[in-house]
Amino acid sequence: MANPLQLPRVVLRTPAALVALLALSALVLQYVLILQLTRDNVGVVLGTVRFVTYFTILSNIAVMLVACAAAAGQRGFFAQVRVRGAVALYIGVTGSIYFFILRHLWQPQGAQWWADTGLHYAVPLAYWAWWLTCVPHGTLRWRDVAGWLLFPLGYVVWVFLRGAWVGEYPYPFIDVAQLGWARVGVNALGVMGVFVVLGLVVVGLDHLLARRRRPL
């Protein structure tokens with residue numbers, strides 16, 4: 001991993017390891033809780049499919065993979081600057097949508113509160129803190145935002161196909177059975193707008209941080 005701050009490698013890798021551990025802990029806890037709810041009706045396999053149908057889970061998995069690669073000093077796909085930026089976007093949208101829309105819809109208790117807080121608050125904040133302070137900046141381009149949209153677009157297609165098959169949707173604002181296609185289409189466009197705006201913020205911050213770290 002590049003060393004933008006000229007710090008010892010172990011110092012840079014430790015925060016990444018902590019982010020990875022935080023994401024892994026929250027994911028494991030949520031997986032256990034989902035299996036407890038689904039093993040007696042739909043079973044482990046379909047319970048696992050339901051688990052990975054949530055964008056929250058997928059974005060947290062992405063955080064874990066990127067942070068693990070950084071902690072291990074590995075090169076490859078998950079060490080790419082654009083992948084790290086994309087994950088900042090995805091986990092940022094996860095936290096934002098939950099905070100502004102979904103948190104008002106239920107009141108998790110006990111272990112579910114811990115999983116919920118980890119996945120939607122702690123991991124997004126930890127990853128953004130790491131991305132802002134511990135990775136090199138200055139190579140992202142505005143056109144990268146368009147490429148980053150491919151994953152959420154693919155996710156939406158998967159959710160609608162699965163929903164048409166099993167009649168189940170992971171989030172209430174894209175529940176076609178309850179809201180109808182017209183309302184869901186508007187909601188989906190709104191969420192994609194959040195992706196675009198936050199993606200531009202990610203690239204803008206990358207440029208700003210590169211200028212601030214550039215020697216005079």
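Each residue takes its place number in the sequence, starting with 1.
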Do [X] and [Y] sit in one hydrophobic cluster, given that two such residues count as connected whenever their side-chain heavy atoms are within less than 4.5 Å of each other, even indirectly?
X    : Y    : result
L200 : L198 : yes
L140 : V197 : no
V81  : F77  : yes
W181 : F173 : yes

Side-chain heavy-atom pair [X], [Y] within 4.5 angstrom cut-off:
X    : Y    : value
V87  : L65  : no
W106 : Q112 : yes
V196 : M192 : no
E168 : R50  : yes

Polar side-chain atom of [X] near backbone of [Y] as donor-acceptor pair, under 3.5 Å:
X    : Y    : result
N60  : L119 : yes
N187 : I174 : no
Q30  : V28  : no
H137 : R211 : no
W128 : L89  : no
Y155 : T53  : yes

Rounded to the nearest 0.5 Å, how far apart are CZ of R84 and OH of Y127?
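These two atoms lie 7.0 Å from each other.
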In Å, rounded to the nearest 0.5 Å, how long is the span from OG1 of T117 to CZ of R103?
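One gets 11.5 Å once the value is rounded to the nearest 0.5 Å.
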Any side-chain donor-acceptor pair under 3.5 Å between S59 and T94?
yes
In sequence, state the C-alpha distance, the side-chain angles, and the governing distance for L46 and T38, and then conclude on side-chain contact (heavy atoms from CB on, under 4.5 Å).
CA-CA 8 Å; L46 292 181; T38 59; over 6 Å; no
Shortest non-hydrogen separation from [X] to [Y] and the atoms involved:
X    : Y    : answer
L24  : M64  : CD1-SD, 3.6 Å
P170 : V159 : CD-CG1, 3.6 Å
V184 : F160 : CG1-CZ, 3.5 Å

Please work out which of the three classes, parallel, tilted or perpendicular, describes the rings of W142 and H207, given edges at 30° and 60°.
perpendicular
Please work out whether the ring planes of Y121 and F99 are parallel, tilted or perpendicular, with thresholds of 30° and 60°.
perpendicular
Would D116 and Y98 count as a side chain to side chain donor-acceptor pair (under 3.5 Å) if you check the C-alpha gap in whole Å, the side-chain angles of each, and the deciding distance to 0.1 Å?
CA-CA 10 Å; D116 192 70; Y98 185 82; 2.4 Å; yes
I'd like to know whether R141 forms a side-chain contact (heavy atoms from CB on, under 4.5 Å) with V203, so could you lay out the CA-CA distance, the side-chain angles of the two residues, the decisive distance to 0.1 Å, and finally the verdict.
CA-CA 7 Å; R141 299 293 179 263; V203 177; 5.9 Å; no
ring-ring contact (aromatic ring centres under 6.0 Å, His included) partner of F151, chosen from F55, W158, F195:
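Of the listed residues F55, W158, F195, the ring-ring contact (aromatic ring centres under 6.0 Å, His included) partner of F151 is F55.
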Dump the intermediate steps for side chain to side chain donor-acceptor pair (under 3.5 Å) on T48 and Y31, then the final yes or no.
CA-CA 8 Å; T48 301; Y31 183 58; 2.8 Å; yes
